[in-house]
Amino acid sequence: MTIIPEAMRNEPTPEEVRASQVYLQWSLSQDEYEMICQHLNRLPNYTETGLFAAMWSEHCSYKKSKPVLRKFWSQNERVVQGPGEGAGVLDIGDNQAVVFKAESHNHPSAVEPYQGAATGVGGIIRDIFSMGAQPIAILDSLRFGELHHNTTKHLLNGIVSGIADYGNSLGIPTVGGDVMFDATYQQNPIVNAMAVGLLNQADLHVGKAEGIGNRILYVGAKTGRDGIHGATFASSDFDSSTDQNRSAVQVGDPFLEKLLMDTTIKAIHIFGAAIVGVQDMGAAGLVSSSAEMAGKAGNGIHLNLNQVPQRETNLTPYELMLSESQERMLMVVQADHVAEVAQLFTDADLAAVDIGEVTADGRYRLDFDGVEVANIDVQYLITPPKQNQKQQVPARLTAEADPEFVPELTDVTATFKDLLAQSTIASKAEIFKHYDCSVRTDTVIKPGGDAALVRIKNTRKVLAMTTDVNGRYVYLNPQVGGQLAVAEAARNIVATGATPIGITDCLNFGDPDDPEIYYELAQSCAGINEMAQKLNTPIISGNVSLYNETDGQAIYPTPIIGMVGLLENIDHATTINFKNADDLIYLIGT
Amino acid sequence: MYLGKVYVSYKPSVFDPQGDVIKTSLHQLNFQGVESVTQGKYFEIKLVATNLTEATANLVKMAEELLINPNTETYQYAIDEIEVL
Amino acid sequence: MYLGKVYVSYKPSVFDPQGDVIKTSLHQLNFQGVESVTQGKYFEIKLVATNLTEATANLVKMAEELLINPNTETYQYAIDEIEVL
Amino acid sequence: MKAAVIQFPGSNCDLDMLNALQLFGVEAQIVSHKATSLAGYDAIFLPGGFSFGDYLRCGAIARFSPIMTAVTTAAAAGKLIVGVCNGFQILTEAGLLPGQLMMNETPGFICAEVPITVINQQSQFTNQYQQATITLPVAHGEGRYYADEATIAQLEANHQVIFRYQTNVNGSAEQIAGIVNEKGNVLGMMPHPERAVEAIIGNIDGQDFFRSILN
Ligand SMILES: Nc1ncnc2c1ncn2[C@@H]1O[C@H](COP(=O)(O)OP(=O)(O)O)[C@@H](O)[C@H]1O
């Protein structure tokens, strides 16, 4: 690599990378950096160092949470696709399937509430349609600090309008969710979005770069400098005293996403098997999507970065690979169909460019201005060193229990009214009235009931969906708290008449390097897993958001459970309202 | 009374989807010479202050505290004394 | 190359809900001197033309055909020649 | 009856409108905004959504779509034209209906089922309504109807106001929710009748709207 392309002249040399230890700022540890040098048998250049930092970040690799996630039970007769793809897939009969997943956008939303939340919705929707499914519903699970704080109002307003504007514009109804307020989330709000899609099983596509010689087609928006470092940013603690994190802001374009969604689904319908793999460019954009697709297929990949559609001038390979510009997808397409597939996208005024090919050599190779700027073993790139996280029971759990709290009730009516006035308990209509819940004309039960119900046109079937967890319970007893989250979700589903069939989760925790936090993570997941097995609801997808701390203070462990249920006969749907005077009221359970 | 005008625009590298769509539309309307369009915000604020210096200081503070989003936007401003009607 | 700036604002008789909300927020932030706020749009348009007269004519046409809705909005503009980089 | 549902980039109620029309036995088809002819269609529907992202102003960019010339010709020829929500916004921007739809009085999107009065039960769009009070879904952020006083007076005098909100959800002038043009063949309305045609999704008050059009 002797000639240095123009755009890269100001980049540090490999030696300068080593001397400045710039990778530490990207959350790549010294040990990891040295392992890489040893593996390559040379110093990685600036671009390659960036690729490793992104791919080995917790956000992309789940290196720290994997030991826990691996224990999740994810198999039963319905499971068509478990964890590891854009979203999980469950068989619902008649060659149809339901596809769903949840995703967090806590850090971006804390910095930039509107765009952070909006792009969270955009990302989770892409995960659904990249599988070949039509998105049919969105749910949002939110946690804020106390409502009387001005910062909370600012965050709430921004986040809710971000979700509303994006989902409404796409024409996908936001049908449910949950909101709680607690001081623990004051600096660190939680913004989790879940999306549900309907799939004709014949259209199922996954993110694999199979077939040597197949082409890599880039579709959607052009690449700019937005969101570079998003993945590493999500994988480190927040420091409230600096605002250097601000470069991570990404701007969403729901209009473009709508075109991308419709065109991708159409392309999959028309071209079927000629489209070999589809993947969203999410965290760590181009590198993560392309490396994962190649890795899963056991192949190599070769990209020509000059082909990548660009919105700005003088983008470097590093920037092109790590940009988190929104509304972009990667497709692997058989060489003789690339032109036709691309045409479909350009007809919709979207970029669609052949940027490379699937190779047999197992290498991750990037060219820029005729120079090779990266050459790494794909499997090595996608496999960060194993991490052994320590666990320790938090002191609060072993401390002698306080004498049981006995509430003093003098005026029951007053207490009851006080409870109803609590922001966490009060109606959330002020929030969900901003969400279009009835577009697509399938919403049978709208926000305000237990779970939402969305019918499947031309069948008798209805899907139920909900999100739940009480972080305070999980804080007080991680294992039982995890069980309770699943149980609550199941009760909400059952209350509509549906049977729970599966779970997605979003694990929001503090710093996993803190053994007490890792204990919370491991134990609550164990609880979730036990209950999931009891209820026959496999955990088919999910997402992890760690480092939810500000200045060393972690949020309550908050593993949000998104659950989907199936009701075979729409006539059996039940709603929450009392129906007639003189009907009897029963209290069921313990 | 003072009239402050604040012009807010995106920072150069922030994606402006609106501007992009407007540009395409202008091309279709046969304004071929259009190279780029960005859409920002334009505020007119009438305010009372004891003098121009105070009015200006207030305007700048308002812009930075509320009108702009420092993550993505920058601004320019102009201010003038106006007659009270 | 020319840089045109177009400032679009509502006609005085048209209610501007955003301006109103911002005024209230500014009062809450203790900018008591604020009498009124209106929010409009600010466009920066780079365009190629043979001379300033043509550039100006084009800018005005764009504003009137697309950028404003004459029922409710008015506009001002400024235009300058700029260096091509 | 043969109906066209125009699909603009960003339309998102196009399929809902198509479904509703088909439920009433109408031979309905999606027609691209790039098409230039609407020959053979008796009624033309401009659906809800966010055409061109609603960037600049709602409907401002869509009005320049190639299909709009054909829509204007069809309107002049007396064919039925219906704009719902974003469709209404496009029709006002295109000058086929007077006035403009502006940001709600309290900024923010609202999704709700609201009581509506059918003001004019004689129109080609409402002649099957037996009762004056109905409930229809609204879902918009920019639904505040605005026109100058002279225009409003004219609308009232000519019985062009078809629907009114019973409580003014968005701050519309004279609580206007839907109007027709002078000839009575072009309708714009913010509420969504196509979301109110099946009991299973909770509302059938839009049925008479479609029955009226078919009548
Ligand atoms: N952020 C939100 N988005 C959409 N719907 C919501 C949201 N928060 C709450 N809801 C809806 O409000 C209703 C009550 O929610 P919640 O208070 O969480 O119920 P529960 O009584 O099960 O605790 C549900 O229908 C729920 O889907």
Side-chain angles (χ1 to χ4, degrees), chain B residues 1-10 12 16 18-19 21-51 54-68 73-79 82 84-85, chain C residues 1-10 12 16 18-51 54-68 73-78 82 84-85:
Chain B
M1 178 100 84
Y2 296 85
L3 173 62
K5 298 180 177 181
V6 181
Y7 314 105
V8 177
S9 47
Y10 282 127
D16 172 17
Q18 297 208 59
V21 169
I22 295 167
K23 183 175 91 178
T24 312
S25 175
L26 286 171
H27 286 167
Q28 277 161 4
L29 290 173
N30 264 318
F31 294 105
Q32 297 303 344
V34 174
E35 293 273 316
S36 75
V37 179
T38 64
Q39 174 171 346
K41 293 172 193 157
Y42 166 49
F43 298 94
E44 289 190 354
I45 301 181
K46 290 197 184 134
L47 68 162
V48 180
T50 46
N51 55 41
E54 185 193 302
T56 309
N58 273 334
L59 191 70
V60 166
K61 249 182 113 199
M62 288 181 218
E64 298 191 349
E65 280 184 25
L66 186 72
L67 301 182
I68 72 155
E73 296 171 331
T74 58
Y75 72 103
Q76 297 163 276
Y77 69 90
I79 188 159
I82 52 167
V84 192
L85 302 184
Chain C
M1 180 101 85
Y2 296 86
L3 172 63
K5 297 179 176 181
V6 181
Y7 313 104
V8 176
S9 47
Y10 286 126
D16 169 20
Q18 295 193 85
D20 232 46
V21 169
I22 293 167
K23 186 174 89 177
T24 312
S25 314
L26 286 173
H27 287 166
Q28 278 164 4
L29 290 172
N30 263 318
F31 294 104
Q32 297 303 345
V34 173
E35 292 274 315
S36 76
V37 180
T38 64
Q39 174 170 345
K41 293 170 192 156
Y42 166 49
F43 299 93
E44 290 191 354
I45 300 181
K46 290 198 184 133
L47 68 163
V48 180
T50 45
N51 55 42
E54 185 193 301
T56 309
N58 273 334
L59 191 69
V60 167
K61 246 181 116 198
M62 286 181 220
E64 299 190 349
E65 279 185 28
L66 183 71
L67 300 182
I68 72 155
E73 294 170 329
T74 57
Y75 72 102
Q76 298 163 276
Y77 70 90
I82 53 168
V84 192
L85 301 184

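Within every chain, numbering begins at 1; the chains are lettered A, B, ... in the order of the sequence lines, protein sequences first and strands thereafter.
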Least distance between heavy atoms, Tyr42(B) atom then Lys41(C) atom: CB-O, 3.5 Å
Atom group of Glu65(C) that falls short of 4.5 Å from chain B, counting heavy atoms: side chain
Under the side-chain hydrogen bond (donor to acceptor under 3.5 Å, both in side chains) test, residues paired with Gln28(B) that sit two or more places apart: none
Gln32(B) (side chain) donor-acceptor with His27(B) (main chain) under 3.5 angstrom: yes
Glu64(C) side, atom CD; Tyr75(C) side, atom OH - distance, nearest 0.5 Å: 3.5 Å
Region of Tyr7(C) in contact with chain B, defined by heavy-atom distances below 4.5 Å: both
Atom pair NZ/CD of Lys5(C) and Gln76(B) - distance to nearest 0.5 Å: 5.0 Å
For Val8(C) against Leu67(C), the heavy-atom pair lying closest together: CG2-O, 4.5 Å
Taking every non-hydrogen atom, the tightest pair across Val37(C) and Phe43(B): CG1-CD2, 4.4 Å
Side-chain donor or acceptor of Ser25(B) paired with backbone N/O of Val21(B) under 3.5 Å: no
Choice from Lys23(B), Lys46(B), Met1(B), Gln18(B) maximising heavy atom contacts with chain C below 4.5 Å: Lys46(B)
Neighbours of chain B found in residues 55-63 of chain C - heavy atoms under 4.5 Å: Asn58(C), Lys61(C), Met62(C)
Which portion of Leu66(C) sits near chain B, non-hydrogen atoms under 4.5 angstrom: side chain
